[in-house]
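Reminder, nothing fancy here: chain letters follow the sequence lines and each chain counts from 1.
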2 protein chains.
Amino acid sequence: MVAKRTTIKDIAEAVGVSTALVSFALNDGNKKYRVSEEMVRKIRSVAREMNYQPNSAAKSLRSGRTDTIGVILSDISNRFFADIARCIEDEASEAGITVMIGSTDENPRKFERLVDVFLNKGVDGFIIVPCEKSVHVIRRLVEAKVPVVLIDRTYADLDVSSVTLNNRKATMLAVDELYGQGFRKIRFITYHTTISNIVDRETGYVESMRKYGLEDEISVSKIKYENILENMRKLIPQVLEDGVEALIFSTNRLAIDSLVVLREIGKKVPEDVAVIAFDGSETFAFDLYYTTVSYIKQPIEKFGTEAFSVLSKLIKTGDTRDYKTVVLHPELIAQESSKKK
Amino acid sequence: MVAKRTTIKDIAEAVGVSTALVSFALNDGNKKYRVSEEMVRKIRSVAREMNYQPNSAAKSLRSGRTDTIGVILSDISNRFFADIARCIEDEASEAGITVMIGSTDENPRKFERLVDVFLNKGVDGFIIVPCEKSVHVIRRLVEAKVPVVLIDRTYADLDVSSVTLNNRKATMLAVDELYGQGFRKIRFITYHTTISNIVDRETGYVESMRKYGLEDEISVSKIKYENILENMRKLIPQVLEDGVEALIFSTNRLAIDSLVVLREIGKKVPEDVAVIAFDGSETFAFDLYYTTVSYIKQPIEKFGTEAFSVLSKLIKTGDTRDYKTVVLHPELIAQESSKKK
DNA sequence: TGTTTTAGCTTAATCGTTTTAGCATAATTA
DNA sequence: TAATTATGCTAAAACGATTAAGCTAAAACA
C-alpha cells in the first residue's frame, strides 16, 4: 500500500480548520454550503501540495455510491465484445466512472458469481451481455431495482433496459442483396441456441425468403457451439452438394471457419458459392482473404455509448421502472463475395 | 442501489448477539477468537437466510485492502492484450480478486489519470503494460512502494517486477529459420519507437545477422505508428525493388498490413518474398490467408498467469523491494510463408 | 474452599468521508 | 438601537465492517 496517504483530517490540521470545511471546499460544486472564496483557494492549494487523494472506500461507505459499474461480457477476448468494452470504458472514463469487467464464457454459474462479487463491491449498475440460462439472475437484479442495461441480447418478458441490434432486419438486408443479385437457393447457417439475437436473425431470414416467395428454398443448417471448424468440414461439402448458391451466416466465427473450409476444399467465393458474413469486426480476417467479403455491419461503438448513456440515466434518476430499449440498425456492406458472376 | 442490504448489525439483532461476534463467526478462519461451534452455525445460517453480502467499502476502509487490482493496457481491443487481460481476470477471479481494466492508447496523460483513479479506488496493486513517456509515473509508483508488475515492456533502470518476452531471442529465431532456408537479403520492418520490447527485437535481428556474417545485408525499415496501411503501400514496393528476399516484422499489425499490400500488388508469398510475422494471436487473420504464415509465438497465457502470480506475492509479502523479473520464451512456428521455393 | 484459568461473549474505538444541525459574528433591516 | 438575516465556520453522527481490550461465569487447579 502507498506509504501513508493524506487524509482530509491532515489538511484540516494543516490549514487549521474542521474536516467538514475541507470537505465542503473540495467537493461542493453547487455552493450548497457557504465557504469563503479565500478559504476554498487556500484549502485547495494545500490539498494539492499535500497530494491529497480522496479515499474512495470511505466515500462509498458514506454515500452509498461507488462511481463504479460492472460490465459482464461473454468473452473479453472476443473482438466484438472487446470493442464494446473499450467504448464503455472510454465513455465511463470521461464521466469519471470506473469499470469492472468480467467474462462469463457463457457459463451461467460464472455469471452468477460475477454478479455477486460486483454487487458486493457495490457497483452502481451493470452493463451485461446475458448468456444462456441466466434469466433468473437478471430477473433478480431487476427486481432488486439494480440499474441494469443488457447489450446484444435481451429477454422479451423482462422489464429491463437494453441495447440491441435489429437482428431481423439484419438478415433481411442480406437476403435482399442476394435476391437482388439473382441468387435463389440461399441457406442460413447458424448455431443451436435460444439466445434472442441469433434466433431473431433466423426469423429475419425466414420472413425475407417468404417475402420473395421462396418458401420452398428456405433451409437452415444449425451446428453446435463446440468444434466449429470440425463441424464445418462436414457441413460445407453437404451444403454444396445440395446445390446451395449462397450462404448467410449468423455470426462472424461461423463465416470465418466456413471460408477456411471453402479454401481447403478448393471452392471459390463467390463463383462456387456466395457469402454474406455477420459483422466485420474481426476485420483483419477478411483483410487477408483473396476476395472482399460482404457482411452485415453492426454499429459497435453505439452499443457501448448507448448502453452507458442509458445506464447513467438509470443510476442518476434511480428509477429503474423507467426502462429504455434502444434498437440499433444494421447496414449491409456489399462487396465481392455476394456478387453474381 | 439494491433495496436495503443486510448488514452485520441486522444479523446481530436477529440472533441477539453483538456485531463483533457475527464478524468473528463469519470470518475467523484461523480461530483466533473463541466462538462456540453452535453459535457459528447459527450465525452462518441466519446470514445465509437474510442473504447477507458484506459491504466491501466498509471492509476496505477498515482493512486498507480492497482485493482489487488495476490492469492498465495499451488497448483492450488489441487481441494480444485482450487475451492477457482475459488470463489475468481468470486467475484473479479464482483467487477472489476483482480486476479493474483501463486502456491508455499509448497516451501518457491517460495513463497517469488511470493510475490516479485506480490508486484512489485503493487497488492493492497494478499490472501494467507501460506506454511511451510514462517512466516517471511508474517510478512514482515504485517509490511509493505500490506493488507493480510490468508486462511485455520494462525499464532496465527501474527496480520493478516484470514479465517480458526474450525479444532478442525471438527475432534471432526468425533469422535462424530464414538463414537456414537459404535467404540472405533479410529485412526487419518495425516502428519508430523507444519501447523496450520492440527495440530488443531489432537488436536480436541485427546480432543474428552479424552472427551469420551478414553485416552488409542488415537493413531495417521503420515506419510511424499512424496510418500503417498507407505507409506500407509506399514501403513494400520499395523493399521489393531493393531485392529483399525475406521480411521479419516486429509486430502483428505490421505483418498483416504488409500481407494486404502484397496481395494488392499481386506479389506471392513466399515465392516473391518470404515472411515471418510476430505473434499469431490475431489468428483469424492468418487463417484466411492463401498460405500459412510463419510467426514468432509468444506464450500469451503465461504473461497473464505469471504477472498475476508475481503481483499476488508482492501484495502478500508487502515487500516491494524484492522484485522479480520473469522472462518468457518465444517459439518459432515455421510454416509455408518462410519456405524457400 | 479459594484462586487461577479459560471459554464465550460484549464494548467501544477505528478506518476517512459526508452531512445535518447549530453557533458565533457581521451585515442588514426596521 | 434592537431585531433580523447572512455568512463562515464547527461539532458530531453516520456509513458497515474489524479488532483490541475487557468482562462474566464456568471449569480447573491447589
Who pairs with [X] by side chain to side chain contact (heavy atoms under 4.5 Å, CB included), at least two apart in sequence or on another chain?
X	result
B:Tyr323	B:Asp159, B:Ser161, B:Thr325
B:Thr66	B:Ser60, B:Thr68, B:Asp124
A:Arg140	A:Glu112, A:Val115, A:Asp116, A:Leu119

*Residue-phosphate contact under 4.0 Å: A:Ser60 side-chain N/O, D:dC15 OP1/OP2*: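 No, because none of the side-chain N or O atoms of A:Ser60 sits under 4.0 Å from OP1 or OP2 of D:dC15.
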
*Check whether any side-chain N or O of B:Ser23 sits under 4.0 Å from OP1 or OP2 of D:dT18, and answer yes or no.*
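Answer yes for this pair, as a side-chain N or O of B:Ser23 is under 4.0 Å from OP1 or OP2.
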
*Would you mind telling me which of C:dT17, D:dG22, D:dA17 lies closest to the side-chain atoms of A:Lys59?*
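Out of C:dT17, D:dG22, D:dA17, the nucleotide with an atom closest to A:Lys59's side chain is C:dT17.
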
*Which nucleotide sits closest to the side chain of B:Ile8: C:dG22, C:dC9, D:dA17?*
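Of the candidates, D:dA17 comes closest.
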
*State whether B:Asp67 and B:Arg65 are salt-bridged, where the test is any N-O pair (Lys NZ or Arg NE/NH1/NH2 against Asp/Glu carboxylate O) under 4.0 Å.*
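Salt bridge between B:Asp67 and B:Arg65, a charged N being under 4.0 Å from a carboxylate O: yes.
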
For atom [atom1] of [X] and atom [atom2] of [N], their distance in whole Å:
X	N	atom1	atom2	value
A:Arg65	D:dC15	CZ	P	17 Å
B:Arg41	C:dG8	CZ	C1'	15 Å
B:Glu37	C:dG8	CD	C1'	13 Å
A:Lys121	D:dA17	NZ	C1'	14 Å
B:Arg34	D:dG22	CZ	C1'	11 Å
A:Gln53	C:dT17	CD	P	11 Å

*asked:* Can you list everything that forms a ring-ring contact (aromatic ring centres under 6.0 Å, His included) with B:Phe303? Sequence neighbours excluded, please.
replied: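 ring-ring contact (aromatic ring centres under 6.0 Å, His included) check on B:Phe303 returns B:Phe80.
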
_What does the B/S/- profile of nucleotides 10-15 of chain C look like, 5' to 3', with a 4.0 Å heavy-atom cutoff to protein?_
BB-BBB

*Among all residues two or more places apart in sequence or in another chain, which pass the side chain to side chain donor-acceptor pair (under 3.5 Å) test with B:Ser312?*
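Applying side chain to side chain donor-acceptor pair (under 3.5 Å) to B:Ser312 gives none.
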
